[in-house]
2 protein chains.
Amino acid sequence: MVKTEPGRCNLTALRKATRRVSQLYDQVLATSGLRGTQRAILVHIRRSGAPTMGELAAALVLDRTALNHNLKPLERDGLLTITVDKNDRRSRLVRLTKRGEARLDESQAAWRGAQERFETAFGAKQAADLRQTLERIAALEFGERAADLPA
Amino acid sequence: MVKTEPGRCNLTALRKATRRVSQLYDQVLATSGLRGTQRAILVHIRRSGAPTMGELAAALVLDRTALNHNLKPLERDGLLTITVDKNDRRSRLVRLTKRGEARLDESQAAWRGAQERFETAFGAKQAADLRQTLERIAALEFGERAADLPA
DNA sequence: TCCAAGTACCTGCATATGCATCTATTGCCA
DNA sequence: TGGCAATAGATGCATATGCAGGTACTTGGA
(Lines give C-alpha, C1' and ligand atoms only; values in the text may rest on other atoms or scores of the structure.)
Protein backbone atom coordinates (compact mmCIF):
# COMPACT_ATOMS: atom_id res chain seq x y z
CA MET A 1 0.00 0.00 0.00
CA VAL A 2 1.20 3.45 -0.86
CA LYS A 3 1.48 6.02 1.91
CA THR A 4 -1.07 8.78 1.27
CA GLU A 5 -4.19 7.24 -0.18
CA PRO A 6 -7.13 9.50 0.66
CA GLY A 7 -6.61 13.19 1.15
CA ARG A 8 -4.86 13.86 4.41
CA CYS A 9 -4.86 17.62 4.21
CA ASN A 10 -7.47 19.18 6.45
CA LEU A 11 -7.46 22.43 4.50
CA THR A 12 -7.94 20.71 1.16
CA ALA A 13 -10.88 18.73 2.52
CA LEU A 14 -12.48 21.90 3.86
CA ARG A 15 -11.98 23.76 0.62
CA LYS A 16 -13.40 21.01 -1.53
CA ALA A 17 -16.52 20.73 0.58
CA THR A 18 -16.92 24.48 0.72
CA ARG A 19 -16.64 24.77 -3.06
CA ARG A 20 -19.24 22.09 -3.55
CA VAL A 21 -21.69 23.68 -1.13
CA SER A 22 -20.98 27.17 -2.44
CA GLN A 23 -21.92 26.00 -5.88
CA LEU A 24 -25.30 24.85 -4.60
CA TYR A 25 -26.09 27.93 -2.51
CA ASP A 26 -24.85 30.45 -5.04
CA GLN A 27 -26.81 28.77 -7.78
CA VAL A 28 -30.01 28.80 -5.76
CA LEU A 29 -29.41 32.30 -4.40
CA ALA A 30 -28.63 33.72 -7.81
CA THR A 31 -32.29 34.56 -8.40
CA SER A 32 -32.18 36.91 -5.41
CA GLY A 33 -29.14 38.80 -6.60
CA LEU A 34 -27.04 37.89 -3.56
CA ARG A 35 -24.06 35.58 -3.11
CA GLY A 36 -23.74 33.34 -0.10
CA THR A 37 -21.07 35.52 1.46
CA GLN A 38 -23.02 38.68 0.81
CA ARG A 39 -26.08 37.25 2.44
CA ALA A 40 -24.04 36.17 5.46
CA ILE A 41 -22.77 39.73 5.81
CA LEU A 42 -26.23 41.25 5.61
CA VAL A 43 -27.59 38.74 8.13
CA HIS A 44 -24.90 39.64 10.62
CA ILE A 45 -25.52 43.33 10.22
CA ARG A 46 -29.21 42.86 10.80
CA ARG A 47 -28.52 40.94 13.98
CA SER A 48 -26.01 43.44 15.27
CA GLY A 49 -27.82 46.63 14.37
CA ALA A 50 -24.92 48.93 13.48
CA PRO A 51 -21.64 47.09 13.98
CA THR A 52 -18.24 48.53 13.22
CA MET A 53 -16.23 46.94 10.46
CA GLY A 54 -13.92 45.37 12.99
CA GLU A 55 -16.78 43.76 14.87
CA LEU A 56 -18.27 42.49 11.66
CA ALA A 57 -14.97 41.10 10.45
CA ALA A 58 -14.40 39.27 13.73
CA ALA A 59 -17.90 37.81 13.70
CA LEU A 60 -17.41 36.50 10.19
CA VAL A 61 -13.85 35.27 10.79
CA LEU A 62 -12.89 37.53 7.94
CA ASP A 63 -9.83 39.72 7.58
CA ARG A 64 -10.67 43.42 8.00
CA THR A 65 -9.45 44.22 4.53
CA ALA A 66 -11.37 41.33 3.01
CA LEU A 67 -14.53 42.62 4.64
CA ASN A 68 -13.72 46.08 3.38
CA HIS A 69 -13.55 44.76 -0.16
CA ASN A 70 -16.68 42.67 0.25
CA LEU A 71 -18.71 45.63 1.45
CA LYS A 72 -17.94 47.69 -1.64
CA PRO A 73 -20.40 46.06 -4.05
CA LEU A 74 -23.10 46.02 -1.36
CA GLU A 75 -22.62 49.70 -0.63
CA ARG A 76 -22.51 50.50 -4.32
CA ASP A 77 -25.83 48.71 -4.80
CA GLY A 78 -27.38 50.67 -1.95
CA LEU A 79 -27.92 47.69 0.33
CA LEU A 80 -25.98 49.19 3.22
CA THR A 81 -24.34 52.39 4.38
CA ILE A 82 -20.93 52.96 5.94
CA THR A 83 -20.69 56.03 8.13
CA VAL A 84 -18.12 57.53 10.46
CA ASP A 85 -18.68 56.77 14.12
CA LYS A 86 -19.21 60.11 15.90
CA ASN A 87 -17.74 58.70 19.10
CA ASP A 88 -14.59 57.45 17.42
CA ARG A 89 -13.96 58.92 14.03
CA ARG A 90 -11.58 56.09 13.19
CA SER A 91 -14.44 53.61 13.24
CA ARG A 92 -17.12 53.06 10.62
CA LEU A 93 -20.65 51.97 11.41
CA VAL A 94 -22.30 49.63 8.95
CA ARG A 95 -26.09 49.70 8.61
CA LEU A 96 -28.63 48.05 6.35
CA THR A 97 -30.72 50.31 4.15
CA LYS A 98 -34.42 49.65 3.51
CA ARG A 99 -33.32 48.20 0.25
CA GLY A 100 -30.82 45.95 2.00
CA GLU A 101 -33.49 44.67 4.38
CA ALA A 102 -35.82 44.05 1.48
CA ARG A 103 -33.17 42.19 -0.48
CA LEU A 104 -32.43 40.05 2.52
CA ASP A 105 -36.11 39.20 2.95
CA GLU A 106 -36.43 38.37 -0.73
CA SER A 107 -33.50 35.97 -0.50
CA GLN A 108 -35.02 34.10 2.42
CA ALA A 109 -37.03 31.59 0.41
CA ALA A 110 -34.12 30.78 -1.88
CA TRP A 111 -31.79 30.34 1.08
CA ARG A 112 -34.23 27.99 2.73
CA GLY A 113 -34.46 26.04 -0.49
CA ALA A 114 -30.69 25.63 -0.58
CA GLN A 115 -30.66 24.56 3.05
CA GLU A 116 -33.29 21.96 2.35
CA ARG A 117 -31.50 20.58 -0.65
CA PHE A 118 -28.28 20.32 1.27
CA GLU A 119 -29.87 18.76 4.31
CA THR A 120 -31.93 16.34 2.27
CA ALA A 121 -28.76 15.04 0.65
CA PHE A 122 -26.54 15.22 3.71
CA GLY A 123 -28.91 14.74 6.61
CA ALA A 124 -30.47 17.38 8.85
CA LYS A 125 -29.00 16.11 12.08
CA GLN A 126 -25.60 15.59 10.51
CA ALA A 127 -25.78 19.17 9.23
CA ALA A 128 -26.56 20.53 12.68
CA ASP A 129 -23.67 18.56 14.17
CA LEU A 130 -21.36 19.67 11.42
CA ARG A 131 -22.22 23.33 11.93
CA GLN A 132 -21.38 23.00 15.57
CA THR A 133 -18.06 21.37 14.76
CA LEU A 134 -17.26 24.04 12.20
CA GLU A 135 -18.09 26.83 14.63
CA ARG A 136 -15.65 25.29 17.03
CA ILE A 137 -12.97 25.27 14.35
CA ALA A 138 -13.68 28.87 13.45
CA ALA A 139 -13.03 29.81 17.08
CA LEU A 140 -9.83 27.77 17.48
CA GLU A 141 -6.61 29.29 18.70
CA PHE A 142 -3.60 27.69 17.07
CA GLY A 143 -1.00 29.46 19.12
CA GLU A 144 1.08 32.46 18.06
CA ARG A 145 3.18 32.65 15.00
CA ALA A 146 6.89 32.78 15.72
CA ALA A 147 7.05 36.39 14.58
CA ASP A 148 4.57 37.41 17.28
CA LEU A 149 6.43 35.85 20.15
CA PRO A 150 8.00 38.26 22.62
CA ALA A 151 11.69 38.79 22.13
CA MET B 1 -35.95 32.67 23.07
CA VAL B 2 -35.38 34.33 19.78
CA LYS B 3 -35.60 32.26 16.59
CA THR B 4 -32.13 32.10 15.00
CA GLU B 5 -29.53 32.15 17.73
CA PRO B 6 -26.42 30.35 16.41
CA GLY B 7 -25.66 30.39 12.72
CA ARG B 8 -28.02 28.13 10.85
CA CYS B 9 -26.46 28.51 7.44
CA ASN B 10 -24.40 25.52 6.44
CA LEU B 11 -22.46 27.47 3.87
CA THR B 12 -21.58 30.25 6.29
CA ALA B 13 -20.33 27.73 8.84
CA LEU B 14 -18.18 26.06 6.21
CA ARG B 15 -16.76 29.33 4.98
CA LYS B 16 -15.90 30.59 8.44
CA ALA B 17 -14.08 27.39 9.34
CA THR B 18 -12.29 27.32 6.00
CA ARG B 19 -11.14 30.91 6.41
CA ARG B 20 -9.79 30.19 9.85
CA VAL B 21 -7.91 27.09 8.75
CA SER B 22 -6.69 28.77 5.57
CA GLN B 23 -5.15 31.49 7.67
CA LEU B 24 -3.18 28.91 9.63
CA TYR B 25 -2.01 26.87 6.66
CA ASP B 26 -1.20 29.81 4.43
CA GLN B 27 0.75 31.48 7.21
CA VAL B 28 2.80 28.35 7.87
CA LEU B 29 3.20 27.52 4.18
CA ALA B 30 4.27 31.07 3.31
CA THR B 31 7.92 30.22 3.91
CA SER B 32 7.74 27.64 1.13
CA GLY B 33 6.28 30.03 -1.42
CA LEU B 34 3.11 28.00 -1.92
CA ARG B 35 -0.49 28.64 -0.92
CA GLY B 36 -2.68 25.89 0.40
CA THR B 37 -4.63 25.63 -2.82
CA GLN B 38 -1.50 25.62 -4.93
CA ARG B 39 -0.01 22.85 -2.88
CA ALA B 40 -3.20 20.83 -3.21
CA ILE B 41 -2.98 21.20 -6.98
CA LEU B 42 0.64 20.11 -7.13
CA VAL B 43 -0.06 17.14 -4.88
CA HIS B 44 -2.86 15.96 -7.13
CA ILE B 45 -0.71 16.27 -10.22
CA ARG B 46 2.05 14.26 -8.63
CA ARG B 47 -0.38 11.51 -7.74
CA SER B 48 -1.99 11.44 -11.17
CA GLY B 49 1.13 11.75 -13.27
CA ALA B 50 -0.11 13.81 -16.20
CA PRO B 51 -3.83 14.55 -15.74
CA THR B 52 -5.87 16.66 -18.10
CA MET B 53 -7.26 19.92 -16.79
CA GLY B 54 -10.71 18.42 -16.68
CA GLU B 55 -9.59 15.47 -14.58
CA LEU B 56 -7.72 17.76 -12.24
CA ALA B 57 -10.68 20.10 -11.88
CA ALA B 58 -13.01 17.21 -11.08
CA ALA B 59 -10.60 15.78 -8.51
CA LEU B 60 -10.36 19.14 -6.77
CA VAL B 61 -14.09 19.92 -7.00
CA LEU B 62 -13.04 23.02 -8.83
CA ASP B 63 -14.62 24.69 -11.82
CA ARG B 64 -12.59 24.17 -14.99
CA THR B 65 -12.13 27.88 -15.43
CA ALA B 66 -11.11 28.35 -11.82
CA LEU B 67 -8.46 25.69 -12.24
CA ASN B 68 -7.34 27.36 -15.43
CA HIS B 69 -6.80 30.61 -13.55
CA ASN B 70 -5.11 28.86 -10.65
CA LEU B 71 -2.61 27.12 -12.92
CA LYS B 72 -1.39 30.36 -14.44
CA PRO B 73 0.89 31.52 -11.61
CA LEU B 74 2.25 27.99 -11.18
CA GLU B 75 3.06 27.70 -14.87
CA ARG B 76 4.54 31.18 -14.89
CA ASP B 77 6.83 30.23 -11.99
CA GLY B 78 7.95 27.10 -13.82
CA LEU B 79 6.46 24.63 -11.36
CA LEU B 80 4.41 22.84 -13.99
CA THR B 81 3.88 22.59 -17.72
CA ILE B 82 0.68 22.53 -19.73
CA THR B 83 0.94 20.77 -23.07
CA VAL B 84 -1.44 19.72 -25.80
CA ASP B 85 -2.50 16.08 -25.64
CA LYS B 86 -1.33 14.40 -28.84
CA ASN B 87 -4.22 11.95 -28.72
CA ASP B 88 -6.84 14.64 -28.34
CA ARG B 89 -5.66 18.09 -29.23
CA ARG B 90 -8.53 19.65 -27.30
CA SER B 91 -7.09 18.39 -24.03
CA ARG B 92 -4.14 19.72 -22.08
CA LEU B 93 -1.84 17.55 -20.03
CA VAL B 94 -0.51 19.03 -16.82
CA ARG B 95 2.85 17.87 -15.51
CA LEU B 96 5.15 18.84 -12.66
CA THR B 97 8.58 20.14 -13.55
CA LYS B 98 11.69 19.25 -11.56
CA ARG B 99 11.28 22.58 -9.93
CA GLY B 100 7.67 21.86 -9.10
CA GLU B 101 8.62 18.56 -7.49
CA ALA B 102 11.34 20.27 -5.53
CA ARG B 103 9.02 23.01 -4.36
CA LEU B 104 6.52 20.42 -3.25
CA ASP B 105 9.17 18.54 -1.30
CA GLU B 106 10.35 21.75 0.32
CA SER B 107 6.83 22.56 1.46
CA GLN B 108 6.37 19.18 3.10
CA ALA B 109 7.79 20.10 6.50
CA ALA B 110 5.75 23.30 6.69
CA TRP B 111 2.58 21.48 5.70
CA ARG B 112 3.17 18.85 8.35
CA GLY B 113 3.68 21.60 10.87
CA ALA B 114 0.35 23.15 9.96
CA GLN B 115 -1.34 19.77 10.16
CA GLU B 116 0.12 19.22 13.62
CA ARG B 117 -0.93 22.60 14.88
CA PHE B 118 -4.43 22.09 13.61
CA GLU B 119 -4.76 18.57 14.96
CA THR B 120 -3.26 19.50 18.30
CA ALA B 121 -5.91 22.17 18.72
CA PHE B 122 -8.78 20.26 17.17
CA GLY B 123 -7.92 16.63 17.82
CA ALA B 124 -6.33 14.11 15.48
CA LYS B 125 -9.20 11.67 15.46
CA GLN B 126 -11.76 14.43 15.10
CA ALA B 127 -9.76 15.73 12.16
CA ALA B 128 -9.74 12.32 10.48
CA ASP B 129 -13.49 12.00 10.99
CA LEU B 130 -14.08 15.50 9.73
CA ARG B 131 -12.05 14.91 6.57
CA GLN B 132 -14.15 11.86 5.85
CA THR B 133 -17.35 13.83 6.37
CA LEU B 134 -16.10 16.64 4.17
CA GLU B 135 -15.12 14.25 1.40
CA ARG B 136 -18.64 12.92 1.49
CA ILE B 137 -20.03 16.44 1.13
CA ALA B 138 -17.66 17.20 -1.75
CA ALA B 139 -19.10 14.20 -3.57
CA LEU B 140 -22.77 14.97 -2.88
CA GLU B 141 -25.34 15.22 -5.61
CA PHE B 142 -27.97 17.83 -4.89
CA GLY B 143 -30.17 17.05 -7.84
CA GLU B 144 -30.37 18.98 -11.08
CA ARG B 145 -30.99 22.63 -11.41
CA ALA B 146 -34.30 23.45 -13.07
CA ALA B 147 -32.53 24.75 -16.17
CA ASP B 148 -30.93 21.35 -16.75
CA LEU B 149 -34.15 19.37 -16.59
CA PRO B 150 -35.31 17.85 -19.89
CA ALA B 151 -37.98 19.83 -21.69
C1' DT C 1 -16.52 13.95 -47.43
C1' DC C 2 -18.58 17.59 -44.90
C1' DC C 3 -21.01 19.66 -41.51
C1' DA C 4 -23.64 19.93 -37.09
C1' DA C 5 -23.01 18.63 -32.23
C1' DG C 6 -20.47 18.02 -28.58
C1' DT C 7 -16.15 18.40 -25.83
C1' DA C 8 -12.18 20.76 -23.74
C1' DC C 9 -10.19 24.67 -22.92
C1' DC C 10 -9.47 30.09 -22.95
C1' DT C 11 -10.81 35.06 -21.90
C1' DG C 12 -13.03 38.75 -19.60
C1' DC C 13 -15.54 40.18 -15.81
C1' DA C 14 -17.05 40.19 -10.97
C1' DT C 15 -16.70 38.82 -6.37
C1' DA C 16 -13.78 36.53 -2.37
C1' DT C 17 -9.73 36.62 0.45
C1' DG C 18 -5.51 38.22 2.65
C1' DC C 19 -0.82 40.74 2.97
C1' DA C 20 1.91 44.87 3.01
C1' DT C 21 1.50 49.42 3.37
C1' DC C 22 -0.57 53.90 3.95
C1' DT C 23 -3.72 57.46 6.25
C1' DA C 24 -6.64 59.23 9.85
C1' DT C 25 -7.77 59.37 14.86
C1' DT C 26 -7.37 58.52 19.48
C1' DG C 27 -4.83 57.96 23.86
C1' DC C 28 -1.11 58.21 26.76
C1' DC C 29 2.38 60.51 29.00
C1' DA C 30 6.71 62.96 29.56
C1' DT D 1 0.64 70.38 25.41
C1' DG D 2 3.52 68.08 22.01
C1' DG D 3 4.48 63.94 20.20
C1' DC D 4 4.48 59.10 19.53
C1' DA D 5 2.37 54.46 19.98
C1' DA D 6 -1.74 52.14 19.15
C1' DT D 7 -6.16 51.57 16.74
C1' DA D 8 -9.43 51.40 12.66
C1' DG D 9 -9.81 51.73 8.07
C1' DA D 10 -8.49 52.30 3.10
C1' DT D 11 -5.60 50.99 -1.04
C1' DG D 12 -2.95 48.24 -4.20
C1' DC D 13 -1.46 43.85 -5.46
C1' DA D 14 -1.92 38.85 -5.98
C1' DT D 15 -4.33 34.69 -5.78
C1' DA D 16 -9.13 32.07 -5.50
C1' DT D 17 -13.50 31.10 -7.58
C1' DG D 18 -17.18 30.83 -10.97
C1' DC D 19 -20.28 32.54 -14.95
C1' DA D 20 -20.96 33.93 -19.71
C1' DG D 21 -19.35 33.62 -23.84
C1' DG D 22 -15.71 32.49 -27.41
C1' DT D 23 -12.23 29.22 -29.83
C1' DA D 24 -10.19 24.83 -31.20
C1' DC D 25 -10.71 20.15 -31.99
C1' DT D 26 -13.36 15.52 -32.42
C1' DT D 27 -16.97 12.81 -33.65
C1' DG D 28 -21.14 11.02 -35.60
C1' DG D 29 -23.96 10.84 -39.17
C1' DA D 30 -26.07 12.49 -43.96
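To find a chain, count down the sequence lines: A is the first, B the second, and so on, and within it residues start at 1. Note that the structure is a prediction, hence the values are computed from the model and not measured.
Proximity of A/N68 to the phosphate of D/dG9: no side-chain N or O atom is located under 4.0 Å from OP1 or OP2. Proximity of A/K72 to the phosphate of C/dA14: no side-chain N or O atom is located under 4.0 Å from OP1 or OP2. A sub-4.0 Å separation between OP1 or OP2 of C/dT15 and a side-chain N or O of A/Q38 is absent. Considering only side-chain N and O atoms, A/R19 lies nowhere under 4.0 angstrom from the phosphate OP1 or OP2 of C/dA16. Taking side-chain N and O atoms only, A/R89 has no distance below 4.0 Å to OP1 or OP2 of D/dT7.
For A/K86, the salt bridge (charged side-chain N to carboxylate O under 4.0 Å, His left out) test picks out no residue, with sequence neighbours left out. For B/R92, the side-chain hydrogen bond (donor to acceptor under 3.5 Å, both in side chains) test picks out no residue, with sequence neighbours left out.
Atom CG of A/N70 and atom C1' of D/dA16 are 13 Å apart (whole Å). Atom-to-atom, CD1 of A/I41 to C1' of C/dT17 comes out at 11 Å; the value is rounded to the nearest Å. When the P atom of D/dT11 is taken as reference, atom CG of A/L71 falls 12 Å away, rounded to whole Å. The CG atom of B/L67 sits 14 Å away from the P atom of D/dC19 (whole-angstrom rounding). In this entry the distance linking CG of B/D63 with C1' of D/dA20 reads 11 Å, nearest Å. Across the protein-nucleic acid pair, A/R15 atom CZ and C/dA16 atom C1' stand 11 Å apart, rounded to whole Å. Taking atom CG of residue A/N87 and atom P of nucleotide C/dT26, one finds them 10 Å apart after rounding to whole Å. When the C1' atom of D/dT7 is taken as reference, atom CG of A/D85 falls 13 Å away, rounded to whole Å.
Taking every side-chain heavy atom of B/H69 into account, C/dG12 is the closest of C/dT17, D/dT15, C/dG12. Minimum atom distance to the side chain of A/T65 is reached by D/dA10, of the listed D/dG18, D/dA10, D/dT17.
No salt bridge links A/E119 with B/R8; every basic N to acidic carboxylate O contact stays at or beyond 4.0 Å.
The hydrophobic cluster around B/L93 extends to none of the other residues, as no ILVMFWY side-chain heavy atom falls under 4.5 Å of it. Counting side-chain heavy-atom gaps under 4.5 Å among Ile, Leu, Val, Met, Phe, Trp and Tyr, B/V61 is found in no cluster with other residues.
Sequence order on DNA chain C of the closest nucleotides to A/P73 and B/S22 puts A/P73 first from the 5' end.
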Sequence neighbours left out, cut at 3.5 Å: what donor-acceptor pairs do the side chains of residues 94-106 of chain B make with other protein atoms?
| unit_1 | atom_1 | unit_2 | atom_2 | d |
| --- | --- | --- | --- | --- |
| B/R95 | NH1 | B/T83 | OG1 | 3.2 |
| B/T97 | OG1 | B/G78 | O | 2.6 |
| B/T97 | OG1 | B/L79 | O | 3.1 |
| B/T97 | OG1 | B/R99 | N | 3.4 |
| B/T97 | OG1 | B/G100 | N | 2.9 |
| B/E101 | OE1 | B/R46 | NH1 | 3.1 |
| B/R103 | NH1 | B/G33 | O | 3.4 |
| B/D105 | OD1 | B/R46 | NH1 | 3.2 |
| B/D105 | OD1 | B/R46 | NH2 | 3.3 |

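In terms of heavy atoms, A/A57 sits closest to A/L67 at N-CD2, 3.5 Å.
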Could you write out each protein N or O paired with an N or O of nucleotides 6-8 of chain C at a distance under 3.5 Å?
| unit_1 | atom_1 | unit_2 | atom_2 | d |
| --- | --- | --- | --- | --- |
| C/dG6 | N2 | B/R90 | NH1 | 2.9 |
| C/dT7 | O4' | B/R90 | NH1 | 3.2 |
| C/dT7 | O2 | B/R90 | NH1 | 3.3 |

